[in-house]
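Everything below concerns the one structure shown next.
Order of the sequence lines sets the chain letters (A, B, ...), proteins ahead of strands, with each chain counted from 1.
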Number of protein chains: 2
Amino acid sequence: MRISDLARRAGTTPRALRYYEEQGLLHPARLASGYRQYDEQALRVVRHIQLLLSAGLNTTAIAEILPCIPDDVTVLAPTCPELLDGLAAERARITRAMQQLGAARDVLDRLLQSDPR
Amino acid sequence: MRISDLARRAGTTPRALRYYEEQGLLHPARLASGYRQYDEQALRVVRHIQLLLSAGLNTTAIAEILPCIPDDVTVLAPTCPELLDGLAAERARITRAMQQLGAARDVLDRLLQSDPR
DNA sequence: CTTGACTCTCACGTCAACGTGAAGGTTTAG
DNA sequence: CTAAACCTTCACGTTGACGTGAGAGTCAAG
């Protein structure tokens, strides 16, 4: 699978995929021509990257987490133990972010409540 | 109340407060010396700004929303009707963001589940 | 009346996740 | 065999919410 195929299937751009590789998140094989070659597994990895990015993790944190995410999603990983503290901290950060989003949504709801429609 | 007092009470910096003013979010009075003078109400406004910023709204959107938020929080605002669509869109965006955060947290939870402690 | 802690207004720097050409090689359909 | 449509590697540009001095005025205490 070539870069723009994967980009299309993941709903992103070739540039983003090259950037992920530059940050150590993807490691595609290379053809003799230099073209990047992605396998099916790469699509799931990219989806994980997008999810974690949208959760506010940066590429550095994701680079540490990704190797701990098993290929087969139904099987739990032998979690990298040195990351547990960091992961718990990120989890707490996400929970706080969700609470803040909820509070912000409540503010908007107070305004939308008097909707004349 | 001077700028660094408000900054301390709001857990932010003078620079951020000047930036908010530059973006039209705050309108402090000025002393003859040119010093900014903030009233108690300003603290609540700053908290609203922080909340909405953390929810992913930019200063432009917040500048439109703020005048619709009543001083007395217990009273609903006569909502600015032209903003309803934008507010609803932001609300939807926040809901999606919360869902993505939840999904990302689930990913982390799968990894944390095998915590040996 | 001076010193230290504020304050003011420019104005450039930062950081992360890409966007956007530039200049050139590769693949594939006709 | 050629032209379109890919791909490659630099490398600089963008965006938003500030950080960080620079240079200068202001205020409160001793």
Compute the bend angle of the helix from C/dC1-D/dG30 to C/dG30-D/dC1 from the end axes (five pairs per end), rounded to 10°.
0°
Look at the side-chain N and O atoms of [X] and state whether any lies under 4.0 Å from the OP1 or OP2 oxygen of [N].
X	N	value
B/T59	D/dG16	no
A/Y20	C/dC18	yes
A/R2	D/dC6	no
B/R36	C/dC8	yes
B/S33	D/dG25	no
A/Y19	C/dC18	no
A/R18	C/dT20	no

Which whole-number value in Å describes the distance from [X] [atom1] to [N] [atom2]?
X	N	atom1	atom2	value
B/L26	D/dA17	CG	P	14 Å
A/L53	C/dC15	CG	C1'	15 Å
B/L17	D/dA17	CG	C1'	13 Å
A/E21	D/dT8	CD	C1'	11 Å
A/R15	D/dA11	CZ	C1'	10 Å
B/Q23	D/dT15	CD	P	14 Å
A/Q37	D/dC6	CD	C1'	14 Å
B/E22	C/dC10	CD	C1'	11 Å

Could you tell me whether B/R30 and B/E21 make a salt bridge, using a distance below 4.0 angstrom between a side-chain N and a carboxylate O?
yes
Is the shortest side-chain N to carboxylate O distance from A/E90 to A/R93 below 4.0 Å?
yes
Upstream residue (5' side of DNA chain C) when A/I49 and B/Y35 are each assigned their closest nucleotide
B/Y35
Using atom types as modelled and distance alone, determine if a side-chain donor or acceptor of A/Q50 lies under 3.5 Å from a backbone N or O of A/A10.
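A pair under 3.5 Å: yes.
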Please identify which of these residues, B/T12, B/L26, B/L17, B/I65, meets the side chain to side chain contact (heavy atoms under 4.5 Å, CB included) condition with B/I49.
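That would be B/L26; it is the only one of B/T12, B/L26, B/L17, B/I65 passing the side chain to side chain contact (heavy atoms under 4.5 Å, CB included) with B/I49.
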Work out which heavy atom in [X] is nearest to a heavy atom in [Y]; give both atom names and the distance.
X	Y	value
A/L66	A/L25	CD1-O, 3.7 Å
B/Y19	B/T59	CE2-CG2, 4.0 Å
B/P67	B/A63	CD-O, 3.1 Å

dist B/L6:CG -> B/R36:CZ (nearest 0.5 Å) comes out at 11.5 Å
Report the distance from atom CZ of B/R15 to atom CD of B/E22, rounding to the nearest 0.5 Å.
6.0 Å
Whichever of B/N58 and A/R30 has the more 5' nearest nucleotide on DNA chain D, that residue is A/R30
Is there a path of hydrophobic side-chain contacts, each under 4.5 Å between heavy atoms of I, L, V, M, F, W or Y residues, that connects B/M1 with B/V46?
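As far as the 4.5 Å side-chain criterion goes, B/V46 and B/M1 are connected within one cluster.
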Among residues 6-13 of chain B, which ones have heavy-atom contacts with DNA chain C below 4.0 Å?
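Those residues whose heavy atoms fall under 4.0 Å from DNA chain C, taken from residues 6-13 of chain B, amount to none.
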Give A/L31 one of three labels, base, sugar-phosphate or nothing, depending on what nucleic acid heavy atoms sit under 4.0 Å from its own.
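Counting heavy atoms under 4.0 Å across all strands, no contact is made by A/L31.
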